[in-house]
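This is the structure I want to talk about, given as structure tokens.
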Amino acid sequence: MKLPPSTLALLVTLACTAAQVHAEGVPLFGQSLAGSSVFALTYATTGANSTVTGDIVSGDVATMGAASRLSGNLLSLGASTIGADAVVSGNMLSGGAATVGANASVAGKVAALGAVTLSASSTTHGAGTLSAPPVNVQSDAQQVGAAQAALKNMGRGTALGTTMTLDTTLYPGVFSAANLSTTAGITLTLDGQNRSNQSWVFNIDDYLVTGAAMKIVLINADASNSVIWNSGGYTSLGASGEFIGTVLAKNYVSVGAGTSVTGVGGACGGLFSATSYVSTGDGARIGGKGCSGIGSGFDIVDGTAVRRIDIPAVPEPSSYAMLVGGLALLGLMRQRKQARL
């Protein structure tokens, strides 16, 4: 069956949209992960002097190191702890106990199902008790897993070798590898060729590992471009690196000391583990401008943490949902074709 030009164009648009990261919307995920830069089904921990722009969501304990910074909310099903001199610009909501270190600051509320401990000279906008867990991590994990499946369904694209040992330039497209590692100090250049709405999607069957001081640079591109790394295993980013894109991993995500993970333009770069933990080293920097301003976007209503959907504005429909719709339409057309044969 020959597809009408309008239908073919629609499918191409849907597939491309799923890989785009928009500053004003949320790629691949729904409202519950809006503004999140870190999601871990088990625990999430950030090192001393680290910075995360956006929310941290943890299915177990959540820990922020001394003098670390978080522009959004710290949400965990287990105990949560922020170290001395740490700053949380949003709320700190815990399904276990919540502990605020000496001289630490929480601009929003500290609320927990367990005990709340405020150390000497710490400051908050108030402390309280939750009657229900602050997040549904199983639903969030399913979103990450579904997004990974949708990305994989975009196809294999251009095959990459399992080891990148030299400086490399890649143009927009879909790339695949059984696993992918890079040697220390190399530069991966992503060239957008002065076109808007370009995407780099990396579908990696198993692990993604980058060497120390590995750098990704984006050239001839604008804020409409996007970079997504889809790892079927774990992801480990070496120390002192400069990494661009959103990382989705089935297993754990580890980021070395001093490494930055940012989005494109105003987009939100982030780390998402569907089944395991996320850990960042000292001085790591995660997230981007697209995740800022989420801050105190939660209210405590009858002891339950409720995200306010008017601040920030309700995002555009999930790109993942759009992709699923496109794939479903394509599947239906194939079924009709087979029925006619």
Side-chain angles (χ1 to χ4, degrees), residues 31-140 270 277-280 282 286-287 291-312:
Q31 173 66 23
S32 64
L33 282 176
S36 297
S37 281
V38 173
F39 170 79
L41 183 60
T42 58
Y43 68 86
T45 180
T46 65
N49 298 295
S50 61
T51 300
V52 176
T53 306
D55 293 348
I56 295 177
V57 182
S58 172
D60 196 351
V61 299
T63 304
M64 290 175 52
S68 57
R69 300 289 184 268
L70 173 64
S71 77
N73 303 286
L74 181 63
L75 312 171
S76 68
L77 282 189
S80 60
T81 302
I82 65 173
D85 300 303
V87 175
V88 175
S89 296
N91 299 294
M92 180 177 175
L93 308 178
S94 173
T99 302
V100 180
N103 300 307
S105 172
V106 179
K109 294 181 179 180
V110 178
L113 285 175
V116 174
T117 301
L118 305 178
S119 300
S121 303
S122 64
T123 59
T124 75
H125 189 64
T129 301
L130 290 177
S131 59
V135 287
N136 184 345
V137 294
Q138 292 299 329
S139 174
D140 291 343
Y277 67 85
V278 173
S279 175
T280 75
D282 294 351
I286 313 299
C291 283
S292 62
I294 302 300
S296 55
F298 280 82
D299 285 328
I300 309 300
V301 179
D302 295 327
T304 301
V306 178
R307 182 186 287 274
R308 294 201 299 273
I309 60 173
D310 57 332
I311 304 175

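In this text the structure is predicted, and so the values were computed from the model without any measurement.
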Check your understanding: Are any non-hydrogen side-chain atoms of Val38 and Ile286 less than 4.5 angstrom apart?
Key ->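 Yes, at least one pair of side-chain atoms sits under 4.5 Å.
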Check your understanding: Just how far is it from atom CG of Leu74 to atom CG of Asn91, taken to the nearest 0.5 Å?
Key ->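 Interatomic distance, Leu74 CG to Asn91 CG, rounded to 0.5 Å: 10.0 Å.
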Point to revise | Over all atoms of both residues, closest heavy-atom pair of Ala305 and Leu93 | key: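 Answer, listing the atom of Ala305 first, then Leu93: CB-CD1, 3.4 Å.
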Review point. Which value, rounded to the nearest 0.5 Å, describes the distance between Asp282 atom CG and Ser50 atom OG?
Key: 7.5 Å
Exercise for review: Would you list the pairs meeting ring-ring contact (aromatic ring centres under 6.0 Å, His included) in which at least one residue belongs to residues 33-72, sequence neighbours left out?
Suggested key: Tyr43-Tyr277
Study note, to complete from the structure: Residue pairs passing the ring-ring contact (aromatic ring centres under 6.0 Å, His included) test with at least one member in residues 68-96, sequence neighbours excluded, are none
Check your understanding: Taking atom CD1 of Ile56 and atom OG of Ser37, what is their separation to the nearest 0.5 Å?
Key ->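 Interatomic distance, Ile56 CD1 to Ser37 OG, rounded to 0.5 Å: 8.5 Å.
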Review point. Can you list the residues that meet the side-chain hydrogen bond (donor to acceptor under 3.5 Å, both in side chains) rule with Thr124, with sequence neighbours excluded?
Key: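 Partners of Thr124 under the side-chain hydrogen bond (donor to acceptor under 3.5 Å, both in side chains) test: none.
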Practice item. Please examine the side chains of Val52 and Thr46, heavy atoms only from C-beta on, and report whether any two atoms are closer than 4.5 Å. Key: yes
Point to revise | Closest heavy-atom pair and its distance - Ser80, Ser94 | key: OG-CB, 3.3 Å
Check your understanding: If only atom types and distance count, is the side chain of Thr42 paired as donor or acceptor with the main-chain N or O of Gly59 below 3.5 Å?
Key -> no
Tell me which donor-acceptor pairs under 3.5 Å the side chains of residues 129-138 have, and how far apart each pair is, sequence neighbours excluded?
{"unit_1": "Ser131", "atom_1": "OG", "unit_2": "Asp302", "atom_2": "O", "d": "3.0"}
{"unit_1": "Ser131", "atom_1": "OG", "unit_2": "Gly303", "atom_2": "O", "d": "3.2"}
{"unit_1": "Asn136", "atom_1": "OD1", "unit_2": "Gln138", "atom_2": "N", "d": "3.4"}
{"unit_1": "Asn136", "atom_1": "OD1", "unit_2": "Ser139", "atom_2": "N", "d": "3.2"}

**Study point:** Distance (rounded to the nearest 0.5 Å) between Ile82 CD1 and Thr99 OG1
**Key:**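 Going from CD1 on Ile82 over to OG1 on Thr99, the span is 9.5 Å.
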Review point. When you check the side-chain N and O atoms of Asp55 and Asn73, is any donor under 3.5 Å from an acceptor?
Key: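 Side-chain D/A pair, Asp55 to Asn73: present.
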Compile the donor-acceptor pairs under 3.5 Å between side chains in residues 61-70 and protein atoms, sequence neighbours left out, one pair per line.
{"unit_1": "Ser68", "atom_1": "OG", "unit_2": "Gly65", "atom_2": "O", "d": "2.5"}
{"unit_1": "Arg69", "atom_1": "NH1", "unit_2": "Ala67", "atom_2": "O", "d": "3.2"}
{"unit_1": "Arg69", "atom_1": "NH1", "unit_2": "Asp85", "atom_2": "O", "d": "2.9"}

Side-chain donor-acceptor distances from residues 104-121 under 3.5 Å, at least two apart:
{"unit_1": "Ser105", "atom_1": "OG", "unit_2": "Thr123", "atom_2": "OG1", "d": "3.4"}
{"unit_1": "Ser119", "atom_1": "OG", "unit_2": "Val100", "atom_2": "O", "d": "2.7"}

Point to revise | Atom of Gly101, atom of Ser122 and distance for their closest heavy-atom approach | key: O-CB, 3.5 Å
